[in-house]
Structure formats: structure tokens, C-alpha cells
Amino acid sequence: MSDLPATSLSLPDDVLFSVRGLKKYFPIHEGWLKKHVGDVKAIDDVSLDIRKGETLGLVGESGSGKSTVARLMLRAYSLTDGQILFRRANGEIVDLSGLTDRQMRPLRAEMQMIFQDPYSSLNPRMTLLELVGEPMLIHGKGNDGEIRDRVAELLKVVGLRPEFINRYPHAFSGGQRQRIGIARALALNPSFIAADEAVSALDVSVAAQNINLLQDLQEQFGLTYLFITHDLGMVEHISDRVGVMYLGRLMEVAPTEALFSKPLHPYTEALMAAVPQPDPRGNRARKRVPLKGEIANAANPPSGCSFHPRCPYAQPKCSAEVPALRTVDGGRQVRCHFAEELSLVGAIA
Amino acid sequence: MGSKIMTKSPVPQNPMPAERLLELDDVHVHFPLREGLVKAVNGVSYHVDKGEVLGIVGESGSGKSITARAIMRLLPKRAAPPTGSIRFRPRTGEDFELSGLDRNSRAIRQVRGRHIGMIFQEPMTALSPVHTIGTQIMRTVQLHMGLGKVAARARAIDLLAKVQMPRPAQMVDAYPHQLSGGMRQRAMIALAISCDPSLLIADEPTTALDVTTEAQILELLKSLQSELGMAIIFITHNFGVVADIADRVSVMYLGRIVETASVDDIFYAPKHPYTQALLRSIPRLGVDQGRRLPTIPGMVPDPFSVPEGCAFNPRCGHAVAGLCEVRVPPEKRFGAQMSRCHIADQFVQEPANV
């Protein structure tokens, strides 16, 4: 801690993570001299608070930058600009944006990630003991015996039998492998877990089991989740608040129920309308006008509001001016010039 | 019936009704592996009528894709020769006994691509990376429809327009890698429908797509289906998608169809505990936010040790001791609805509210 820059940062009491003006540009180089000709604006001015103990859902199409936000927050990438404030377990507030890898290392114990693909995120040559115990080994938490006991306990916590400790990941199903990933994320008692499409690859019944597990663990250990998914049903089920991303920008942030009953951004409305519901009569009654076109190229984003070429409500102002993320009625945030004038339809009554 | 034991593939017992396009009767596909015999498809019977959409849902390993591959005679080489009968009568009126055809026979090569098109989850499994999409469509229509080069190219452009590819006259010369995921899916659909097939087999075609692209592809398939009058077998694990596109639905579990019914009956009056449990475990918009999802206890058993009797009995909340783990449930019929459950009658009075 002593090697962290001294800070006088502050966060509201209930906020664990606060991202301010986050930007991530990937440079495009062209030609023999690798001249810098432009940038892919993967993340462009994202500001977001995550409160202690809540689940913040992040939705959007592929290429919208949901995963990049999570990876920047955990400093798996360096950022182009912005501030990432994090409240440590000891109450200290640190800005992660300028930290070196060495300075980040002790902080990584407090923030972990679980991934979509349970097949590629586990090393097939390591046993569960090695996989789940590795974070403890790296952070020097405990000797061999202590690590073994802790791994056995963690396996029990995620619903796997402790006898499996010497097996390899290939002996487990997709859902069980996901649980191994969860056990590993829990090994260092983090306060924050980013779950990147954590149940998207699983079958319906297995996904339900793992979602319940994540909710139980949240209650048991007071975890805070950033839950990234493209499954709107899942995000509504698990999240307290939801952020909607499009082309590297946050379009809307709102409490889950408010967002789903009354979206304020046309993109949110379109996204909800696109999801087929397990309700044939409802689907027939609902007129579905599929959103036209595809997400734009982040290397060459549209002028003004990046959604305007696909937006059914677009006005001349939308292609001219970039709307700001503003706070409207009841603490909701939206990035649309006409949020107050539009009367959009949500997915629930 | 005669006393002779049939040694060849069984001859169709009765003629197919006029509206029938495809009929599977007691199809088995087994994989003799070192670890044991895997009955991937264990007595599947279903039919598809002309112009209807049959949805097939089930979890991984339930045998839904393998059944489709048995129809196309594209089973992995490790599979034992499949048994059972698969009959197919395309619009053109010929009768095909697909179950009797060899994977490389002349007859099956006339059916594939000509009468039955197939689309997949990953378009790159169907498209060649080294040919333009135009060339791939042209080869197919030249082969099956006997078109000349100029006519074939015109048809390729037409087809790309039909699947709503932007700028079809230019895209016809594009390679698959130059297209986005959604556009590749459209190119693959154009290829599959190029010879005006009577049946399209769609194997998880929207699973890897974003919801907005998925909605576009579903709308496209629906409009093509009504325009071309083709039937679709739509394989998916997503109940939302099946509710949107299917007329009838079959639910598979461990190599068997456990329930078949109209899409409304599957969703509002399911008569198999597995269907009921699956439907309950999907989070739905606007319902019970934050509550625990009801789950199915345990997990799908491994294919080498499928439970005796009803394969679902160890996980079933309604299982009757002494019955469900002993005898394989028969197909019970309730009008057009079929449930392979010993106690299906019980769900007639009390429609399991899901």
C-alpha cells in the first residue's frame, strides 16, 4: 500500500467502483511506416458507478464494448483516458487508472473475473487443486496444507465434491467447469466480480443452477457483480440496475424494473423488442419491427448520436450533435436528445 | 403380416398422407465407442407436413442434431448404420426412402441441396472460405437446376436480394470473410434455398447471433417460408426462438422425443414433466424478478449410463416408484399432443402452470 500514490480521492459511501470519462482507443496503423491514421474508439466516454453489494447488468450487441469496460476496470487493458476509482476492503480509495502492473497486483485479490467459455478459461493440464489454489499461491496466502483445505472448502461452496480436488477439468461438464471458474474467482475473497457472459454458453437448466449459485454467493459473501450478457431475460432476473451500451458508449442506465417497463432510449426499446419471448401468443400479439442494419464500425462511427442511422425516431439534430449522458427523472441516465419527448414501449407492463 | 423376419431396412407399412413431407419412424443412431454404446438417437419418430415449421428443442446431447444428420445421411463415420425408416416426399412428388440411402449415393446427392437445404450455427461450416459466395451459389444451381453460367449468376444475385443482402450485385463477388456474421448467415441461407427446396433444416442458426440480428434472421426465415412454401425443421435450445417461429414443437431428452405438440400446447399446457421443468427454469421478462429460478435437480446423465425406464426419472419431481424407473413410458396421445410420460394423464386436468 505504501507504494501507491498518496491520494485524497473520495467516493459516495455506497459506491464500490466508479468509472469516470473512461476512454479506450486502439490506434490504427497503416502503410510501410505504420503511420497512425486513426483510432478504433472501443470505449468513448463511459461514466458509471457500481454500488456496494449490487448487481449491475451491462447489455448491448457484440462490439458495443461491454467486455472492454470490464477489462479496463480490472486493468487488464491500459486506458486511454479517464479515472477508475475503487474502494478497497480497508476503506482506502484508489485510482486504478495510472497504476503499474506491480502496483495493481495486491489490488487484484479484491477484484476477479469469470468468463464465458468454461473450456478455454481453465488450463487442461492443471488439477482443480492447482487451478483454484493458484491465486493463493501467487498472492502468498497460506502453505500447501492451508491451500488444500481452502480449495476443498471452495469446491464445497460452489457445489462440487471436495473429492474432485485432484481431477482435471476435462472430467467435468460445462456447468461444472463454470463452477470451477467461480471457485477460483472466490479464492482470495474478492469484493467485486465481473462475470462476462458467464452463463451464455450453458444449457437452460444448467444456466439456471449457476445463476442461483451466483445469487447465493452474493448474499453469503456480500459480493458486488458486474454482469455482462446479451441475454435480456437473464439480466432482468439478476440485476439491480442495468446499463445499455452501444458502440462504446453508455446509452442508458436505470434501475432494472424502470428500464424494462419504460425505456428512455430508442436503442433500449429496439433491443427489448428483438428478444423472442417464451410466449407464442404474446409474440403473435406484439408487433416486432426488427432493428435495421448492423452496429456501425467503431473505427468510423456515425456523426452525432452513434445510433442515429438505425434509429426510427432520428431527427436532423441527431446526426449533428453528440447527445450527452444526462440525468433525468428519478436518477436515471440517458444519452438521447429526445428522451423526454419519446414515449417508448418496454418489455414488461 | 407374413411370418418372415425382415432383414433389410423395413419397408414402409402404410403410404404417407398427401400433406406429409417427411416421416421418421423409430430411428436409432448408435455409436459403438470403447467406453460403451452411446444411443444418441434412441427410437425417434416424427413427421413434418408440407409448409410447416417443426421446432426441435432440447439440451446439448439430446440427439436433436444427430437426428437431422441422419435425415441428411451425414452421420459421423463412427456411427453404426442407423436403423428405422425415414421417408421423404418433396414437392416434385418422388418418394425417397432416405433410410435406405448410402451417404455417398447418387440419390442422396440429388436430395441434399436440391430438395433439402441445411443451415448451421456457424456459417463457415457451410461456406467455403476460398470461393466467393456467388460462385458457391452458382455451382449449386448449375448442378441441380441445369442453369448456364449467366443464368446461374443472375439467380445468385436474385437469391442474395431475396435474403435482403445489401448491394447484391456487388456482394455476389464477396468472399465469406469479408462479410459480418449476420451477412454470412444470410449468404448461407441463400445457398440453402438456392434450388427451392421443400425442406430446410436449420440447426441452431441464430444461436451465435446478437438479439437484433437474430430477430432479423427469424423474420427473414418466416417470410421466405411463406413465400416459398417450404417446411422448416428448426433445431434450437432457445424456447423464445421456438415460440416465435414454430407451428409444432418436439422436445428431446437423451435421444428420445418426450413430448410433441402444437406450439401453444407446449407452452401453455405441457404434458411432460421435463418440458414443464425446462419452461420454469427460463427467466422471463416481468416475472418474479430476483427470485430463485426453479431448477431441474442433478444434471443430464452421461450417455454411457442412461437411466433405466424413463430416462428422466431420477430428476423428475413426479416420478412414481416402481414404475418410472422400470418401464420405458409409451407414447400417450391427447389429440395432436404426444407425451412419453407414464402419468401424462394427470396433467390433462391440471395444466401445469408455467
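Letters A, B, ... are given to chains in the order of the sequence lines, protein chains preceding strands, and every chain is numbered from 1. Just so it is clear, the structure is predicted and the values come from calculations on it, not from any experiment.
Between chain A and the options T207(B), T295(B), L278(B), L293(B), heavy-atom pairs under 4.5 Å are most frequent for L293(B). Counting heavy-atom pairs closer than 4.5 Å to chain B, the top residue among P280(A), G282(A), A270(A), A274(A) is P280(A). Interface check for chain B: of the options R281(A), E294(A), M272(A), the most heavy-atom pairs under 4.5 Å are formed by R281(A). In terms of heavy-atom pairs under 4.5 angstrom with chain B, the leader among N212(A), L291(A), D279(A), D231(A) is N212(A). Taking chain B as the reference chain and counting heavy-atom pairs below 4.5 Å, the highest number among Q277(A), M234(A), K292(A) is found for Q277(A). Taking G175(A), G63(A), G233(A) one by one and counting their heavy-atom pairs under 4.5 Å with chain B, the maximum is reached by G233(A). Counting heavy-atom pairs under 4.5 Å between each of L232(A), V275(A), D216(A), I211(A) and chain B puts D216(A) at the top. Among G181(B), P166(B), S281(B), the residue with the largest count of heavy-atom pairs under 4.5 Å with chain A is S281(B).
In plain terms, the two heavy atoms of R284(B) and P278(A) that are nearest each other are NH1-O, 3.4 Å.
Surrounding CD of E163(A) are more than 12 heavy atoms belonging to other residues, nucleotides or ligands, all under 6.0 Å away. The number of heavy atoms from other shown groups lying within 6.0 Å of CD (E30(A)) does not exceed 12.
Looking at T55(A), there are no atoms closer than 4.5 Å to chain B (heavy atoms on both sides), in backbone or side chain. Contact of E61(A) with chain B is made through backbone and side chain together, with heavy-atom distances under 4.5 Å.
Listed by chain and number, the residues in a ring-ring contact (aromatic ring centres under 6.0 Å, His included) with Y225(A) amount to none (sequence neighbours excluded). For R335(A), there are no salt bridge (Lys or Arg N to Asp or Glu O under 4.0 Å) partners, not counting sequence neighbours.
Within residues 209-222 of chain B, the residues approaching chain A closer than 4.5 Å by heavy atoms are, in numerical order, D210(B), V211(B), T212(B), E214(B), A215(B), Q216(B), L218(B), E219(B). At a heavy-atom cut-off of under 4.5 Å, chain A is reached by F239(B), G240(B), V241(B), A243(B), D244(B) from residues 238-246 of chain B, listed in order of number.
Atom CE in M299(B) sits 4.0 Å away from atom CD in Q176(A) (nearest 0.5 Å).
Using a 4.5 Å heavy-atom cutoff, the side chains of P283(B) and E236(A) are not in contact.
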